[in-house]
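Heads up, the thing below is written out as structure tokens.
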2 protein chains.
Amino acid sequence: MNAVTISDVAARAGVSQATVSRVMSSSRRVGREVEARVRRAADELGYSGNGIARALRTRRTDTVGMVVPSILNPFFTTLVDSMENALHAEGKQLFLCDSRQDPAVEAEQLRSLIERHVDGIVVSPVHDTESAAAVARSARAVPLVQLDRRVDVPGTDWIGLDDAEAMKLVMEHLKEAGARSVAFVTSELTNSSTALRLEGFRRWAADLGLRIVDDGVVLGDFSVDSGDEAARRLLASPDRPDAIVCADDLIAIGVLRAARETGVAVPSALQVTGVDDIVFSSYVTPALTTLAQPTDRMAAEALRLLSLRGGADEGGAGARVSFAPTLVRRQSTR
Amino acid sequence: MNAVTISDVAARAGVSQATVSRVMSSSRRVGREVEARVRRAADELGYSGNGIARALRTRRTDTVGMVVPSILNPFFTTLVDSMENALHAEGKQLFLCDSRQDPAVEAEQLRSLIERHVDGIVVSPVHDTESAAAVARSARAVPLVQLDRRVDVPGTDWIGLDDAEAMKLVMEHLKEAGARSVAFVTSELTNSSTALRLEGFRRWAADLGLRIVDDGVVLGDFSVDSGDEAARRLLASPDRPDAIVCADDLIAIGVLRAARETGVAVPSALQVTGVDDIVFSSYVTPALTTLAQPTDRMAAEALRLLSLRGGADEGGAGARVSFAPTLVRRQSTR
DNA sequence: ATGAAAGCGCTAACAT
DNA sequence: ATGTTAGCGCTTTCAT
């Protein structure tokens, strides 16, 4: 084990601990000759420092905690990747927590992150209401931003997609492509993304004169199987839509599968769109038309907001930073 | 900020810090009445403990670092998920590091994890040789196991797939399904998985009398595009194989795409297999026959090996625990 | 059963 | 430019 401490190095170099500390953190000028001696001593002993002791003293851990509903959802994987990249660039590290779509687990993860004294928390809350208390409590203890999904906690920053604009892009595209009647498949209304996207769908359907078919809004969850099931129902209906708008790509991929297996041609007889532009959307057949989110920029913004709030401040305005997606046209629409 | 310390609680409860500590960690019996008083004081103050201070004192952080070549590769995503699950069950947390396929980044991540005094490290080394030094150095400082990929570092434990058995399963399946000539698409030979799978492919091709076509081993990387490209070459050759064995599912999905786009029917004219059973393998058309890895069991085993080696021990035997995959038959083979 | 006190390894005043 | 010293908040002997 690495039991080499700063005082071992100090002794070997014949200087004080403080001098070694200064050399290692290049915080203050140190004599050239002394610095060389210290560095050599550190090398010879294989000194690597103790981040725990430093953290206790400086009250900074250079770590950020991230809590997502499911890391297996490719969109969150991308978000995690973007965060890890952004943090790495700043010499920080990421505690990754998967809340398994469970508010209780989520609350526990948040508590644990705070006990570990992370410098900040990025969370995508599982549930509209059930996540609120834990998020609020956490935000009082440590800088916290919400990413993608959000709960209503005054004074908390949020970064995510401009859901209204997202639906506008999709609906306009479908209108241009000749769609007349539409349906919407999404998850249960227990998270913020769903609610806003559905609202946008309704609004733009009305504005653009796209008719929503009977029972044209289907709620399930963000999964391929859920999309598959919803599509079978919609396609079997007498009032079959000629476009199905999906709240995310997983659902859309399920819809595509159902269409294929029930012999409905895409995009000629049915157009399909998703949201997120997960990697596999370009690999399915037909390739999926979807909306790409700028996850790298979102992660950078999340970090920026995290460091702005230097500590226990509250009553901050509660910034809401939304990014417009970009339409990625592929073969599932005309 | 949460500035409530153990001595605040002690003062409020009218006891010593030691007693509060005992109550919080339920380490020793404490009088019933005193315990109640302490708990109440802690609640009232919103005391949550300081994991950093505790870690400094106990020399345990209850954290594990994990370094993977790319978290965007769905197989590693699954592995990370399995590890996160296993750790969560033990009240530990995961530092996630993505080495971006770069040995230099990997070395830096490892160094950083050690400085943060993680209790253990799980690493899937990027490169056969270039990762070796950093892995060896790290293993000297902290309990370390290799997962999936490995470098040759004596005395280091490894958990992964039984690659020979894997290839055996695939090849026997193809033989039964009537394949005669085969090709193998994999990544460059700079990681352990590739080398072993190729070796297994060659051996079982010979044993089962499956002919390897001319230029029948194609090296690229673990990606859809790489598989696509390799397949176009193989399918254009005069000596076209009637089965393409792929070293992972991403490659196989690329092969399927190339086959579709060049009008080669799968599985009737060409059979295709992958390895890993990533989620999307069941969603492509035709669904991919592949090998499933027991990632949950692997993660559990990794943790077990981590805690066995209680500290600075070395000269351990260097356990190699390999798990047999299971064949998942789908539509890309007959 | 409880308290007093030492100290984990480091950094940051404050001296010199 | 460098050294001395006092903690950061906690756990853990060692007393009582």
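The structure presented is a predicted model; accordingly, all values stated were derived computationally and were not measured. Per chain, numbering begins at 1; letters A, B, ... match sequence-line order.
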Q: Return the set of residues passing side-chain hydrogen bond (donor to acceptor under 3.5 Å, both in side chains) with B:Glu108 (not counting sequence neighbours), or none when no residue passes.
A: none
Electrostatic pair [X]:[Y] at N-O distance under 4.0 angstrom:
X: A:Asp43; Y: A:Arg37; result: no
X: B:Arg100; Y: B:Glu106; result: no
X: A:Glu84; Y: A:Lys92; result: no
X: B:Arg60; Y: B:Asp62; result: yes
X: A:Glu35; Y: A:Arg39; result: yes

Tell me: [atom1] of [X] to [atom2] of [N], nearest whole Å?
X: B:Tyr47; N: D:dC10; atom1: OH; atom2: C1'; result: 7 Å
X: B:Asp8; N: D:dC8; atom1: CG; atom2: C1'; result: 13 Å
X: A:Arg22; N: D:dT4; atom1: CZ; atom2: P; result: 11 Å
X: A:Asn50; N: D:dC8; atom1: CG; atom2: C1'; result: 13 Å
X: B:His117; N: C:dG9; atom1: NE2; atom2: P; result: 9 Å

Q. Which one, C:dG9, D:dC10, D:dT2, comes nearest to the side chain of B:Ile6?
A. D:dC10
Q: Would you jot down, in residue-number order, the residues of residues 12-19 of chain B having a non-hydrogen atom under 4.0 Å from DNA chain D?
A: B:Gln17, B:Ala18
Q. By side chain to side chain contact (heavy atoms under 4.5 Å, CB included), which residues pair with B:Ser193, not counting sequence neighbours?
A. B:Asp148, B:Arg149, B:Asn191, B:Arg197
Regarding [X] and [Y], do their side chains bring together a donor and an acceptor under 3.5 Å, going by distance alone?
X: B:Asn50; Y: A:Glu115; value: no
X: B:Thr194; Y: B:Ser187; value: yes
X: A:Asp128; Y: A:Thr190; value: no

Q: For the helix from C:dA1-D:dT16 to C:dT16-D:dA1, figure out the bend between the end axes, five pairs an end, and round to 10 degrees.
A: 40°
Q. Which residue pairs pass the side chain to side chain donor-acceptor pair (under 3.5 Å) test with at least one member in residues 13-22 of chain A, sequence neighbours excluded?
A. A:Ser16-A:Thr19
Q. Which of residues 51-60 of chain B sit near DNA chain C, with a heavy atom under 4.0 Å from it?
A. B:Leu56, B:Arg57, B:Arg59
**Q.** 5′-ward residue of the pair B:Arg32/A:Ser25 relative to DNA chain C
**A.** B:Arg32
